[in-house]
Number of protein chains: 2
Amino acid sequence: MANQSSRLDQIFAALADPTRRAIVMRLCDGEASVGELADPFDMALPSFMKHIHVLETSGLLQSEKSGRVRTCRLSPDALLGAEDWFQRQRAIWEARLDRFEAYVMKLKKEKERAGAKRPSRTTKRKGSE
Amino acid sequence: MANQSSRLDQIFAALADPTRRAIVMRLCDGEASVGELADPFDMALPSFMKHIHVLETSGLLQSEKSGRVRTCRLSPDALLGAEDWFQRQRAIWEARLDRFEAYVMKLKKEKERAGAKRPSRTTKRKGSE
DNA sequence: CGATTGGTTAGCCATGAAGCTAACTATAGA
DNA sequence: TCTATAGTTAGCTTCATGGCTAACCAATCG
């Protein structure tokens, strides 16, 4: 029953929509009212408001109503959180590449040594870890 | 009718699911068969295969079948593409902060100068660009 | 050959996402 | 006070997503 979806789920889901990415891009450039944000889009306001709401519950956007106008701004923390995820993946990935490189080096050395012992042996192994 | 969704749409949508993020994380650590990947998850294989397929059409994963076993590996290009998006956003965001800072500086100077002319005037402007 | 393993296809179901209209609330401006 | 503006709420449709089972290939292995 409880909508158990993590913060990252929500952030990525929010960014999976081109309208919402456009809103985020627009907001990178400074705050704006809902009307201003909605203007470039050929969409009924209630539909557009849903996008705003999705962005807001994902934590990417903060808004505040003053008088009858709601002003939206980006809250960069969520954005940074998602970026961080990529960087952690890349770290793991690169560590893995390093390990792989080390492995290839080891193979090469062994091959050289083996080559010294029995020269004509075309090792047909596919180097897949 | 044509499923017009951009590469970024697909990548972010793919990453919005915890199962799929887990698969990506697992694959950062080296290639694996579908069975190996599916093992930790309490899910029927066909359901799991859908996730694999989503990852593959997003470009995050490549797979290749040899005999009866399909081996999956990460293709980091897509991952880097998404990471790039964040970095571009951040660049815009930071440029904006710089501009904002410059603006605040200008305000401050003007206030100081105004303060020299007519001392007690509490400028009630909200600094919203 | 026959059974097992590894994956695939087909088809069903429930939920959620994305859009719409119509009608409503509340502030701002004339 | 009247009217126009800026959002909001309610309720509806349609399609996509994420899960399942059951049945089906196609390689291995005994």
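Nothing here was measured: the structure is a model prediction, and the numbers come from that model.
The closest side-chain heavy-atom distance from B:L37 to B:L27 is below 4.5 Å.
For the ring pair (Phe, Tyr, Trp, His ring centres under 6.0 Å) test, residues two or more places apart in sequence or in another chain that qualify with A:W85 are A:F12.
If you measure from atom CZ of B:R20 to atom C1' of D:dA16, you get 12 Å, rounded to the nearest angstrom. Across the protein-nucleic acid pair, B:K65 atom NZ and D:dA26 atom C1' stand 7 Å apart, rounded to whole Å. Taking atom CE on A:M43 and atom P on C:dA17, their separation rounds to 16 Å, with Å as the unit. Atom C1' of nucleotide D:dG18 and atom CD1 of B:I23 are separated by 13 Å, given to the nearest angstrom.
In this structure, B:S75 contributes its side chain and B:G59 its backbone to a donor-acceptor pair below 3.5 Å. Although no hydrogens or angles enter the test, the distance criterion places no donor-acceptor pair under 3.5 Å between the side chain of B:R20 and the main chain of B:H51.
In this structure, CD on A:Q87 lies 9.0 Å from CG on A:L80, to the nearest 0.5 angstrom. Taking CG of B:L74 as the start and OG of B:S63 as the end, the distance is 12.5 Å to the nearest 0.5 Å.
Using a 4.0 Å cut-off between charged nitrogen and carboxylate oxygen, A:R70 and A:E64 do not count as a salt-bridge pair. Salt-bridge check for B:D84 with B:R88: passed, with a basic side-chain N closer than 4.0 Å to an acidic carboxylate O.
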Base versus backbone protein contacts along nucleotides 22-30 of chain C [heavy-atom cut-off under 4.0 Å; B, S, -]: B----BS--
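Across all strands shown, A:T19 has no heavy atoms under 4.0 Å from either base or sugar-phosphate atoms.
Where A:A44 and B:V69 meet DNA chain C, the nucleotide closest to each residue was compared, and B:V69 sits on the side nearer the 5' end. In terms of position along DNA chain C, the nucleotide closest to A:D17 lies nearer the 5' end than the nucleotide closest to the other residue of the pair A:D17 and A:L45.
Taking every heavy atom of residues 47-54 of chain A and every atom of DNA chain C, pairs under 4.0 Å involve A:S47, A:K50, A:H51, by number.
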